[in-house]
Amino acid sequence: MTNWRAVTISLGLAVGWIVGNPAVALGPALDPQAEVQVNVARVEGLTQHLRNNPQDVDEMEHLAALYMANGSYDAALGPLARALQLDPHRRSLWVALDVAVIRSGRKMISDSDLTRRAAEFSSKLRD
C-alpha cells in the first residue's frame with residue numbers, strides 16, 4: 001500500500017528544490033504564536049498522560065524530545081532522569097541525556113543530580 005501523503009510531500013519538496021526554494025513546497029509557515037500554543041498543548045497532554053501512567057518510559061522520552069526540540073534542554077533532564085531510573089538499558093535515553101546535558105551548558109551531570117531531577121519530575125506529576 002502506498003503512503004500517498006509521503007509521496008505528495010516528497011514530490012512537493014523535489015519541485016521546490018528544483019525551482020530553488022524547497023520551503024515553497026511546504027506551504028505557508030505556521031504562525032509563531034500558534035506553534036508555541038501547539039507545543040504547550042503537547043507538553044500539557046504528555047504531562048497529563050504521565051500523571052495517569054507514571055511508568056510510561058516512551059512518553060517520558062517523547063516529552064524530553066519535545067523540550068529539547070524547543071531548546072529547553074534543562075527541562076528535558078527531569079523526564080530523562082526518571083525514564084533512566086525505569087529503563088537504564090535504553091541507549092536512546094543515554095544519548096538524549098548526553099545531548100541535553102551538553103546543550104544546557106553543563107559539561108557533566110552527577111548521579112545525585114540525576115536522582116534529584118528524577119524525584120522532582122515524579123513529584124511534579126503527583127501535584
Does [X] pair with [Y] as a salt bridge, N-O distance under 4.0 Å?
| X | Y | value |
| --- | --- | --- |
| R116 | E120 | yes |
| R82 | D87 | no |
| D127 | R51 | no |

What's the spacing between [X] [atom1] and [Y] [atom2] if we round to 0.5 Å?
| X | Y | atom1 | atom2 | result |
| --- | --- | --- | --- | --- |
| E44 | H49 | CD | NE2 | 16.0 Å |
| L63 | R42 | CG | CZ | 12.0 Å |
| N53 | L46 | CG | CG | 11.0 Å |
| Q55 | L50 | CD | CG | 10.5 Å |
| D113 | M108 | CG | CE | 10.5 Å |
| R117 | L77 | CZ | CG | 4.5 Å |

Under a single-linkage definition using a 4.5 Å side-chain heavy-atom cutoff for Ile, Leu, Val, Met, Phe, Trp and Tyr, are [X] and [Y] assigned to the same hydrophobic cluster?
| X | Y | result |
| --- | --- | --- |
| L66 | V40 | no |
| V99 | W94 | yes |
| I109 | I102 | no |

(request) With side chain to side chain contact (heavy atoms under 4.5 Å, CB included) as the test, would you mind laying out the steps for D58 and R90 before giving the verdict? (result) CA-CA 10 Å; D58 291 331; R90 189 180 295 200; 2.7 Å; yes
(request) With sequence neighbours excluded, tell me which residues meet salt bridge (Lys or Arg N to Asp or Glu O under 4.0 Å) with D56. (result) none
(message) If we ignore hydrogens and angles and just use 3.5 Å, is the side chain of S72 paired with the main-chain N or O of A75 as donor and acceptor?
(response) no
(request) Using modelled atom types only, decide if a donor and an acceptor are shared between the side chain of S104 and the backbone of V101 within a distance under 3.5 Å. (result) yes
Does any non-hydrogen side-chain atom of [Y] lie less than 4.5 Å from one of [X]?
| X | Y | value |
| --- | --- | --- |
| L114 | L97 | yes |
| S92 | E61 | yes |
| L80 | F121 | no |

(message) Atom CG of residue position D111 - does it have more than 12 heavy atoms of other residues, nucleotides or ligands inside 6.0 Å?
(response) no
(request) Over all heavy atoms of both residues, which pair between M60 and P79 is shortest? Give the atoms and the distance, please. (result) O-CB, 3.6 Å
(request) For A76 and A64, work out which heavy atoms get closest and say how close. (result) CB-O, 3.6 Å
(request) Could you give me the CA-CA distance, side-chain angles and deciding distance for D74 and R106, then say whether side chain to side chain contact (heavy atoms under 4.5 Å, CB included) is met? (result) CA-CA 10 Å; D74 199 58; R106 302 165 178 261; 3.6 Å; yes
